[in-house]
There are 2 protein chains.
Amino acid sequence: MKPKIQDVAKAAGVSPTTVSRVLNNRGYISQATKDKVYDAMETINYIPNDLARSLYNQKTNLIGVIVPSTSNPFYGELVAEIEHACNTKGYKVLLCNSLHEADKEQEYWDMLQRNQVDGVIVVTYNRGLVPKNHAAPSVAIDHYISSHMHVVSSDNYQGGEAATQELLSQGCQKPIHINGPLTLDTPANLRRQAYEDVMRENHKDPMTYEIPDVAYLNINMETIKRIFQDHPDVDGIFASDDLLAIKVIQYATSLGYSIPNDLKVVGYDGTDLIQTIYPELTTIVQPIAAIAETSLTVLEKQMKHESQPEKENVLPIQMKKGHTT
Amino acid sequence: MKPKIQDVAKAAGVSPTTVSRVLNNRGYISQATKDKVYDAMETINYIPNDLARSLYNQKTNLIGVIVPSTSNPFYGELVAEIEHACNTKGYKVLLCNSLHEADKEQEYWDMLQRNQVDGVIVVTYNRGLVPKNHAAPSVAIDHYISSHMHVVSSDNYQGGEAATQELLSQGCQKPIHINGPLTLDTPANLRRQAYEDVMRENHKDPMTYEIPDVAYLNINMETIKRIFQDHPDVDGIFASDDLLAIKVIQYATSLGYSIPNDLKVVGYDGTDLIQTIYPELTTIVQPIAAIAETSLTVLEKQMKHESQPEKENVLPIQMKKGHTT
DNA sequence: CTTTTTATGTCAACCGGTTGACATATAGTA
DNA sequence: TACTATATGTCAACCGGTTGACATAAAAAG
């Protein structure tokens with residue numbers, strides 16, 4: 001049997017209460033006793049049971065994180081940053097990959113609640129899933145999950161502006177925007193809005209294509225092909241994520257387009273990974289670490305009830321100019 | 001206050017024991033009572049407390065997963081597959097990113113034990129860290145952590161053979177191997193061994209370079225530069241992972257080498273991501289999903305004590321021929 | 001030589017759910 | 001009618017650690 005506090009007490013020749021006092025730094029304890037207790041814990045290999053502690057304390061230090069999938073580099077990096085931020089502050093991460101499936105998201109929410117998580121960070125696509133009785137602090141990254149949930153995102157409008165202006169300033173006459181499904185109510189739609197606004201400001205007709213499927217890596221090449229069929233004279237593309245941008249570049253290159261001479265391409269996300277293996281890509285860099293930290297801060301504010309966090313937290317993006325524009 | 005079993009009992013007009021019986025399908029319960037109980041749970045928004053359950057049951061259904069970082073696509077995909085396998089079988093994943101730091105790994109092991117995880121899946125680099133008293137089932141992926149820990153890996157020797165033979169069969173006279181730090185005691189070193197064996201069988205001198213640092217994405221370009229300085233006539237490179245292979249290709253291209261005419265390159269890992277954005281890369285594909293599933297199976301066998309799992313589980317690799325060889 | 005402060009022990013309740021033992025009552029069956 | 005299977009209740013112990021109340025005693029301070 002695993003040693004418990006009783007065993008430590010016996011080994012150290014003190015009472016269980018004293019052991020608990022040592023462990024929680026409560027009341028008066030002499031250094032000698034502390035040493036005895038720690039020695040005893042060492043010799044009998046005592047490991048505190050956080051389950052029991054959490055049950056009594058009504059605090060688990062668990063944070064649930066729901067993302068589509070860590071196999072996508074953006075979410076992989078985001079999760080790594082969230083986990084890092086959590087670890088720094090003593091929280092532990094329960095990881096959930098929703099795979100864009102609504103029922104999975106729902107199951108994960110329930111699971112996290114059953115496990116008494118102190119908070120939930122969610123990057124997910126399906127609205128209205130959050131149980132109405134969900135009392136745990138929660139924050140959504142880049143998505144409007146429900147009207148009363150806090151949101152952290154990067155400045156998608158600014159990003160859309162920067163991308164579009166980059167294409168125009170590089171001389172594109174007919175830049176096209178490709179985005180994900182607009183049925184999703186996400187701040188990322190502001191990227192498209194910004195594109196359209198900038199185009200109109202420049203007296204150009206915005207032209208957008210929509211990728212119907214959000215399934216990861218299952219990028220619908222049909223849409224990309226259609227763009228080049230419809231507009232062989234396209235000279236600029238603003239893709240709503242880097243993978244899409246790379247797919248566009250590959251397809252365009254296969255058609256004989258020279259990048260950036262015939263066609264300029266801007267991506268979005270700017271993960272370390274893509275920047276490493278595709279450094280030539282011009283892209284809008286999201287502040288992933290800052291998003292992670294801000295999300296946790298928002299959660300903590302909710303937990304401590306001390307100050308009401310901002311409903312919407314928007315973080316600045318950066319443009320990273322490569323050789324594709 | 002969150003509703004508890006007592007509240008459900010009151011709302012349903014039954015005893016707490018009956019509610020528990022309904023929840024755990026124990027003893028005799030009439031359908032009518034079941035319905036009453038479920039209805040009551042619904043109306044008062046009851047959510048079972050898994051902490052309390054786990055405490056009594058001595059089973060948390062938590063699996064600890066320690067990887068260097070999910071920001072690396074290989075680990076990102078591996079974690080996604082592990083989480084998926086766990087979810088399918090009712091386990092939950094506590095995620096730990098060790099960042100290759102020994103003390104972090106140690107802390108995570110301790111944390112996982114305090115949280116009473118049912119098992120640990122670890123992909124880590126530092127030997128001898130596992131607490132001697134670590135009783136929880138555990139399995140290492142691709143690394144020999146301690147002499148008595150079970151290991152799951154892909155067939156690294158076969159992978160090394162396949163990669164080297166591919167280069168030779170494509171006419172390389174002087175293929176060079178680049179690998180990670182050999183101080184790490186990992187089955188991945190078999191890749192190098194296989195390379196050396198195949199070279200000798202073909203009466204060639206093996207030539208290997210070692211990347212000193214394991215820090216992610218912090219690939220030491222110095223080593224790559226040195227290879228081309230030392231051997232401008234190099235005509236084949238077998239890199240021990242895809243990112244390294246891509247870096248080599250980029251550098252070689254910048255020097256004016258034409259791939260695959262002047263230089264052929266084989267990578268390793270074959271993640272979906274790299275296959276998507278760099279489909280031209282010839283690489284050795286690790287069976288990531290199978291590794292994840294096997295690891296969990298090994299853990300489960302240990303948990304159930306029913307059958308002793310194999311000490312070492314080696315899964316077959318596949319070569320994916322692209323246009324870089 | 002009191003009065004505090006420090007140090008430790010005993011005991012029981014509690015966190016929320018589970019389970020075995022035992023009691024009781026109704027419905028179905030031999 | 002007697003027997004059994006079904007259905008539900010009461011009660012207490014337990015999982016492992018925490019905490020408040022209270023007692024006691026030695027050391028430090030006045």
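Lettering of chains follows the sequences in order, A, B, ..., and the numbering in each one begins at 1.
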Hey, what are the protein-to-nucleotides 9-14 of chain C N/O distances that come in under 3.5 Å?
{"from": "dG9(C)", "atom 1": "OP1", "to": "S15(A)", "atom 2": "N", "distance (Å)": "3.2"}
{"from": "dG9(C)", "atom 1": "OP2", "to": "S15(A)", "atom 2": "N", "distance (Å)": "3.0"}
{"from": "dG9(C)", "atom 1": "OP2", "to": "S15(A)", "atom 2": "OG", "distance (Å)": "3.1"}
{"from": "dG9(C)", "atom 1": "OP2", "to": "T18(A)", "atom 2": "OG1", "distance (Å)": "2.1"}
{"from": "dG9(C)", "atom 1": "N7", "to": "R21(A)", "atom 2": "NH2", "distance (Å)": "2.8"}
{"from": "dC11(C)", "atom 1": "N4", "to": "T17(A)", "atom 2": "OG1", "distance (Å)": "3.2"}

Exercise for the section: Please lay out, stage by stage, how I5(B) and L23(B) fare under the test side chain to side chain contact (heavy atoms under 4.5 Å, CB included). Expected result: CA-CA 10 Å; I5(B) 263 196; L23(B) 275 152; 3.9 Å; yes
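- Regarding contacts with the backbone of dG16(D), every side-chain N or O of Q116(B) stays at 4.0 angstrom or more from both OP1 and OP2.
- Neither OP1 nor OP2 of dT18(C) sits under 4.0 Å from any side-chain N or O of Q58(B).
- What separates CG of L23(A) from P of dG16(D) is a distance of 15 Å, to the nearest Å.
- Here Y28(B) does not reach the OP1 or OP2 of dG28(C): none of its side-chain N or O atoms lies under 4.0 Å away.
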Only distances under 3.5 Å count here; give the side-chain donor-acceptor pairs of residues 286-297 of chain A to other protein atoms, sequence neighbours excluded, each with its distance to 0.1 Å.
{"from": "Q286(A)", "atom 1": "OE1", "to": "S154(A)", "atom 2": "OG", "distance (Å)": "2.7"}
{"from": "Q286(A)", "atom 1": "NE2", "to": "D269(A)", "atom 2": "OD1", "distance (Å)": "2.9"}
{"from": "T294(A)", "atom 1": "OG1", "to": "A290(A)", "atom 2": "O", "distance (Å)": "2.7"}
{"from": "S295(A)", "atom 1": "OG", "to": "I291(A)", "atom 2": "O", "distance (Å)": "2.7"}
{"from": "T297(A)", "atom 1": "OG1", "to": "E293(A)", "atom 2": "O", "distance (Å)": "2.8"}

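- dG16(C) atom C1' lies 12 Å from atom CG of L51(A), rounded to whole Å.
- Formation of a donor-acceptor pair under 3.5 Å by the N115(A) side chain with backbone atoms of V117(A) is not found in this model.
- A search for salt bridge (Lys or Arg N to Asp or Glu O under 4.0 Å) contacts involving R26(B) returns nothing, not counting sequence neighbours.
- Here the side chains of V37(A) and I29(A) are not in contact, with every heavy-atom distance at 4.5 Å or above.
- Regarding Q31(A), its CD atom lies at a distance of 14 Å from the C1' atom of dT6(C), rounded to whole Å.
- Side-chain contact between K4(B) and N49(B) is absent, with no heavy-atom pair separated by less than 4.5 Å.
- Residue S30(A) is classed as a sugar-phosphate contact, given heavy-atom separations below 4.0 Å to backbone atoms only.
- Between its opening and closing five pairs, the helix from dC1(C)-dG30(D) to dA30(C)-dT1(D) changes axis direction by 30°, a value rounded to 10 degrees.
- Phosphate proximity of dT18(C) to N57(B): absent, as no side-chain N or O sits under 4.0 Å from OP1 or OP2.
- Residue N24(B) is in sugar-phosphate contact alone, with no base atom involved, counting any heavy-atom pair closer than 4.0 Å across all strands shown.
- Checking each of I141(B), V93(B), V122(B), L78(B) against V65(B) for a side chain to side chain contact (heavy atoms under 4.5 Å, CB included) leaves exactly one that passes, namely V93(B).
- Heavy atoms from other residues, nucleotides or ligands lying under 6.0 Å from NE2 of H150(A) number more than 12.
- A salt bridge is absent between D39(B) and K36(B); no separation between the charged side-chain nitrogens and carboxylate oxygens falls under 4.0 Å.
- Taking only side-chain nitrogens and oxygens, R53(B) never comes nearer than 4.0 Å to OP1 or OP2 of dG17(C).
- Nucleotide dA7(D) holds its C1' atom 12 Å from the NZ atom of K34(B), rounded to whole Å.
- Using a 4.0 Å heavy-atom criterion, one finds that Q6(B) contacts no nucleic acid atom at all.
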Exercise for the section: Take V298(B) and K301(B) through the side chain to side chain contact (heavy atoms under 4.5 Å, CB included) test and state the conclusion after the steps. Expected result: CA-CA 5 Å; V298(B) 169; K301(B) 279 185 182 165; 5.8 Å; no
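- Put simply, R26(A) has no side-chain N or O that comes within less than 4.0 Å of OP1 or OP2 on dT18(D).
- Between the side chains of N87(A) and E83(A), no donor-acceptor pair is found at a separation under 3.5 Å.
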Handout entry: Base versus backbone protein contacts along nucleotides 25-30 of chain D [heavy-atom cut-off under 4.0 Å; B, S, -]
Key = ------
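- Using a 4.5 Å heavy-atom cutoff, the side chains of L62(A) and Q116(A) are not in contact.
- One interatomic measurement links the two molecules: CG of L55(A) to P of dC15(C), which rounds to 9 Å at whole-angstrom precision.
- Protein atom CE of M41(A) is 11 Å distant from nucleotide atom P of dG17(D), rounded to whole Å.
- Comparing A52(B) and I29(B) against DNA chain D, the residue whose closest nucleotide sits nearer the 5' end is I29(B).
- Not counting sequence neighbours, D7(A) has no partner by the salt bridge (Lys or Arg N to Asp or Glu O under 4.0 Å) test.
- As rounded to whole Å, 15 Å separates atom P of dG16(D) from atom CG of N115(B).
- In this structure, CZ of R114(B) is placed 17 Å from P of dG16(D), rounded to the nearest angstrom.
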